[in-house]
Amino acid sequence: MAEITLTFPDGNARQYPAGTTPAEVAGSISPSLAKRTVGARLDGQDWDMAWPIHEDAAITLEDAKSDLGLELIRHDFAHVMAKAVQALWPETKVTIGPVTETGWFYDFDRAEPFTTEDLAAIEAKMKQIINANEPIRTEVWSREDAIAHYEAQGEPFKVELIARIPEGAPIRMYWHGDWQDLCRGPHLSHTGQLPADAFKLMGVSGAYWFGDVTRPQLQRITGVAFRNREDLKAHLTFLEEAAKRDHRRLGREMDLFHMQEEAPGQVFWHPNGWRIYTVLQDYIRRRQDRGGYVEVNTPQVVNRKLWEASGHWDNYQDHMFIVEVDEEHAREKTVNALKPMNCPCHVQVFNHGLKSYRDLPLRMAEFGSCARYEPSGALHGIMRVRGFTQDDGHIFCTEAQIESETKTFIDFLSGIYADLGFEGWRIKLSTRPEKRIGSEESWDRTEAALGNACKAAGYDYEISEGEGAFYGPKLEFVLTDAIGRDWQCGTLQVDPNLPERLDASFIGQDGAKHRPVMLHRAVVGSFERFIGILIENWAGKLPFWLAPRQVVVATITSEADAYAHEVVEALRAAGIRAEADTRNEKINYKVREHSVGKVPAILALGAREVEERTVSLRRLGEQGSRTLPLDEVTAELAAEATPPDLR
RNA sequence: GCUGCUGUAGCUCAGAGGUAGAGCACUCCCUUGGUAAGGGAGAGGUCGAGAGUUCGAUUCUCUCCAGCAGCACCA
């Protein structure tokens with residue numbers, strides 16, 4: 001019989017008969033290893049314990065603690081759930097059930113909707129299947145047999161899946177006891193390897209078959225699964241923590257904003273929330289001024305002619321707020337749209353008056369209020385809204401200037417993110433998509449310019465293959481928040497198309513007209529969304545300079561009222577946002593209320609403080625308090641109240 | 001937009017085919033209390049909107065609106 005050589009991670013190599021399985025390999029080394037091992041990797045490829053090995057390879061044996069082990073656990077939970085569902089409702093058709101970041105989902109086709117109560121029944125059934133310790137085995141079938149089998153079973157989605165399997169790839173049928181599913185594998189060896197106390201079904205929702213809107217919707221049941229009960233509990237705690245940070249909840253608790261039916265997707269900013277907004281905007285404005293930008297402001301309601309010229313009318317009409325005006329003496333109604341973006345208007349400003357090559361690069365910025373008719377299902381608090389303001393900017397430059405302007409922008413953006421408390425962020429470079437305009441040479445040049453700019457600024461980048469706009473590549477700046485979630489905020493996009501469409505030009509050194517390139521760029525993106533991110537990142541406990549109410553001066557007895565007002569005046573004179581709380585309430589009550597409201601500093605004043613002209617300072621999140629002279633506290637807080645760019 | 005769920009006082013929620021309740025918040029009174037809720041009284045709701053069934057609907061049915069989760073979308 002032919003022999004194969006398997007090389008282990010420690011460099012040792014052993015001979016085995018061809019067709020040996022990883023299970024046999026593990027067994028040949030030690031029984032305990034065989035017991036522990038749940039899967040293998042062969043030359044980096046995931047390998048089932050029961051798949052025969054026919055060629056020389058580097059092999060690693062993986063236990064449940066490994067990445068592969070966890071993936072197998074989640075993957076088999078998907079199958080076990082599908083089996084449970086079909087056991088409970090045999091008419092249900094199965095589709096696909098992939099592993100996700102925290103567990104899995106499985107999409108089903110069934111006329112009746114699954115209810116929340118059904119989930120409990122499914123969980124119970126799953127536990128039965130796990131306890132039954134059913135063996136999991138693979139068979140490789142021919143395409144014809146597999147299709148015939150699923151047609152006979154009345155599983156049309158599986159038939160469609162088989163058609164999608166590339167020619168030459170094995171078609172594997174998995175058996176969990178007497179239940180069977182099409183799956184590329186690999187899998188565990190028996191359902192008993194699943195941790196029955198480390199999973200939870202999370203919910204039911206709709207999902208399109210392969211994301212295709214034109215196809216009927218399936219029902220998706222999602223679950224989370226971990227190696228053990230502790231990991232599951234940690235995950236559920238994480239979800240609770242995330243819920244506590246929810247900006248919609250904190251927005252209410254901190255009295256920042258509200259939204260209501262009459263204006264879906266638009267924000268009613270309350271004084272506290274608007275303070276965050278203006279402080280942030282003032283900060284960005286100072287940064288832009290220093291960064292060599294000119295600030296402009298352009299109209300909200302613009303005739304459709306401009307949107308037709310820019311190309312937006314054709315592509316995004318359905319997502320624009322259209323305003324028809326019945327003008328006197330006019331034959332037809334004038335059709336306008338609320339601006340969904342600022343760039344066409346910025347080109348109008350650029351086009352007004354002749355521009356020289358000496359004017360370039362021209363960095364034009366606007367806190368541009370835009371309106372987009374977002375689909376109702378997309379709305380989410382202040383994170384995804386229909387009315388928002390961007391820290392929008394367009395850099396008009398020559399192609400030769402793209403690289404240096406991009407580098408300058410990355411430096412600009414990194415300074416802002418650092419000031420706002422985001423140290424962890426990364427860059428994605430989106431390259432040419434399949435459907436595109438422009439020559440290959442120009443794509444080569446612009447993609448290289450963006451990549452070089454990143455390196456020059458000292459940053460690595462990931463490539464998002466084919467994710468660029470049809471007219472040019474882009475950079476996306478993704479920041480990671482305090483609990484590890486990613487948010488794409490900043491962007492820089494190369495656009496030679498819009499200047500072309502809107503006929504922007506400048507006079508070159510040679511005296512002839514030339515076409516500039518536009519770089520669309522934003523750092524925070526939408527203020528609404530970014531403030532939502534700030535709130536969630538800091539769990540409401542914003543850095544002092546961003547906090548809407550920085551100090552509350554709370555009296556312990558009414559004897560301190562006059563002094564409290566004096567203290568508030570002193571703080572305000574030092575540029576601190578302070579207010580007095582002289583209500584007839586106990587200090588405990590006031591401390592609790594303002595702590596819940598996330599006020600970073602509380603100054604408590606009683607008879608002693610009045611007497612000594614001191615204040616008792618309690619910082620948010622700390623237990624005790626410090627009694628200090630008023631001017632000392634004023635100096636300490638004034639330093640923190642200063643925005644980072646002015647320190 | 002699609003699937004499912006939800007919509008009762010400012011907030012969190014209970015309730016039932018016979019026209020509503022709690023806690024917190026709010027107002028007033030008592031209390032002047034040392035760092036996360038002192039006590040008492042009071043006020044507050046066309047039960048998301050419209051239509052239908054019914055002697056009678058906030059409760060049942062339908063349509064619409066909004067919110068939530070996911071999908072799709074995000075120039």
Side-chain angles (χ1 to χ4, degrees), chain A residues 100 105 107 109-110 112-116 118 202-222 246 248-249 252-253 255 258-265 307 310-320 339-344 370 372-381 383-386 388 390 469-471 474 488 491 493 495 497-498 520 525-526 529 552 554-561 582-597 602-609 616-627:
Chain A
T100 64
F105 65 77
D107 289 349
D109 181 38
R110 173 176 176 244
E112 283 291 298
F114 292 111
T115 65
T116 320
D118 291 342
M202 301 302 282
V204 193
S205 61
Y208 299 107
W209 173 242
F210 278 93
D212 186 347
V213 198
T214 63
R215 301 287 298 264
Q217 264 195 328
L218 307 168
Q219 297 189 65
R220 170 169 302 178
I221 303 180
T222 50
D246 192 310
R248 292 166 296 189
R249 171 177 173 161
R252 195 170 46 239
E253 288 174 2
D255 194 18
H258 85 271
M259 306 179 87
Q260 64 186 50
E261 269 194 39
E262 289 79 357
W307 308 118
S310 69
H312 293 102
W313 190 263
D314 278 347
N315 289 314
Y316 296 104
Q317 204 187 132
D318 289 348
H319 297 286
M320 287 160 84
K339 71 173 165 185
M341 51 182 356
N342 308 296
C343 26
C370 298
R372 296 180 185 176
Y373 191 78
E374 300 285 5
S376 57
L379 302 178
H380 179 83
M383 298 276 208
R384 185 83 182 271
V385 287
R386 289 182 176 157
F388 58 95
Q390 295 172 307
F470 69 90
Y471 47 74
K474 66 178 170 185
Q488 195 242 300
T491 180
Q493 194 156 336
D495 183 3
N497 179 53
L498 197 62
H520 307 258
S526 132
R529 178 164 174 271
V552 168
T555 49
I556 296 167
T557 131
S558 54
E559 284 167 48
D561 287 3
T582 55
R583 290 175 303 168
N584 177 12
E585 296 290 355
K586 295 207 171 187
I587 192 64
N588 289 319
Y589 183 92
K590 295 182 184 183
V591 165
R592 175 181 153 78
E593 186 172 290
H594 299 121
S595 299
V596 168
I602 298 171
L603 299 185
L605 306 184
R608 213 158 54 224
E609 286 76 12
S616 164
L617 170 65
R618 181 191 169 109
R619 301 297 300 250
L620 182 60
E622 290 177 15
Q623 278 311 314
S625 59
R626 292 179 285 151
T627 302

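Chain naming here is simple, since letters A, B, ... match the order of the sequence lines and numbering starts at 1 in each. Note that the structure is a prediction, hence the values are computed from the model and not measured.
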Check every strand shown and say whether A:Q390 touches a base, only sugar-phosphate, or nothing at a heavy-atom separation below 4.0 Å.
nothing
So A:R384, base contact, sugar-phosphate only, or nothing? Heavy-atom distance under 4.0 Å.
base
I'd like to compare against my own output: the B/S/- annotation of nucleotides 41-48 of chain B with a strict under-4.0 Å heavy-atom distance to protein.
--------
What is the nucleic acid contact for A:G211, judged by heavy atoms within less than 4.0 Å: base, sugar-phosphate only, or nothing?
sugar-phosphate
In whole Å, measure the gap between the C1' atoms of B:U54 and B:U59 for me.
13 Å
At under 4.0 Å between heavy atoms, what does A:A607 touch on the DNA or RNA strands: base, sugar-phosphate, or nothing?
base
If we only count heavy atoms from C-beta on, is the A:S526 to A:M383 side-chain gap below 4.5 Å?
no
Nearest-nucleotide pick for A:N588, side chain only, options being B:G67, B:A36, B:U32
B:A36
Mind checking A:R248 for me? I need base, sugar-phosphate or nothing, with any heavy atom below 4.0 Å counting as a touch.
sugar-phosphate
Looking at B:G50, which nucleotide sits across from it as a Watson-Crick or G-U wobble partner, both distances under 3.5 angstrom, or is there none?
B:C62
Identify which nucleotide among B:G4, B:G1, B:A75 has an atom closest to any side-chain atom of A:P375, counting heavy atoms from C-beta outward.
B:G1
Please indicate whether A:Q488 has more than 12 foreign heavy atoms, meaning atoms of other residues, nucleotides or ligands, lying under 6.0 Å from its CD.
yes
Selected nucleotide, minimal atom distance to A:R252 side chain, candidates B:A75, B:U12, B:A36:
B:U12
Does A:N315 reach a base, just sugar-phosphate, or nothing at all? Heavy atoms under 4.0 Å.
nothing
If pairing requires Watson-Crick or G-U wobble contacts with both distances under 3.5 Å, which nucleotide is the partner of B:C28?
B:G40
What is the pairing partner of B:A69, taking Watson-Crick or G-U wobble pairs with both distances under 3.5 Å in any strand?
B:U3
Flag side-chain contact, heavy atom, 4.5 Å: A:D109 against A:P216:
no
What interatomic distance, in whole Å, is found between C1' of B:U58 and the corresponding atom of B:G15?
11 Å
Provide the distance between the two P atoms, one in B:A36 and one in B:U46, to the nearest whole Å.
39 Å
When you get a sec, tell me which of B:A36, B:A75, B:A72 is the closest nucleotide to the side chain of A:M320?
B:A75
Under 4.0 Å between a side-chain N or O of A:H380 and OP1 or OP2 of B:A69?
yes
Spacing of the P atoms in B:A9 and B:G45 (rounded, Å)
11 Å
Report yes if some heavy atom in the side chain of A:D107 is under 4.5 Å from a heavy atom in the side chain of A:W209; otherwise report no.
no
Under 4.0 angstrom between A:Y589 side-chain N/O and B:C24 OP1 or OP2
no
Mind checking whether A:E609 and A:L603 have side chains closer than 4.5 Å, heavy atoms only?
no
Ranking B:C73, B:C26, B:G34 by distance to the side chain of A:A378, first place goes to B:C73
Mind checking A:V213 for me? I need base, sugar-phosphate or nothing, with any heavy atom below 4.0 Å counting as a touch.
sugar-phosphate
Spacing of A:D318 atom CG relative to B:C2 atom C1', expressed in whole Å
16 Å
Quick check: do A:H520 and A:T491 have side-chain heavy atoms less than 4.5 Å from each other?
no
What integer number of Å spans the P atoms of B:G4 and B:G56?
32 Å
Under 4.0 angstrom, heavy atoms only, what part of the nucleic acid is A:Q623 near: base, sugar-phosphate, or nothing?
sugar-phosphate
Using the P atom as the point on both nucleotides, what is the distance between B:G44 and B:C62, in whole Å?
36 Å
Under 4.5 Å between any side-chain heavy atoms of A:F105 and A:M202, yes or no?
no
Rounding to the closest angstrom, what is the interatomic distance between B:C74 and B:A22 at atom C1'?
43 Å
Counting heavy atoms from C-beta on, name the nucleotide in B:G4, B:G34, B:A36 closest to the side chain of A:P113.
B:G4
Is A:H520 touching bases, backbone alone, or none of the nucleic acid, heavy atoms closer than 4.0 Å?
nothing
Which distance, rounded to the nearest 0.5 Å, do you find between the NE2 of A:H312 and the CH2 of A:W307?
7.0 Å
What's the gap between B:C11 and B:C26 when it is taken at their P atoms, as a whole Å value?
14 Å
Taking any heavy-atom pair under 4.0 Å as a contact, classify A:R220: base, sugar-phosphate, or nothing.
sugar-phosphate
Heavy-atom nearest nucleotide on RNA chain B for A:P340 versus A:E622: which residue maps closer to 5'?
A:E622
Can you work out whether A:S595 or A:S376 has the more 5'-proximal nearest nucleotide on RNA chain B?
A:S376
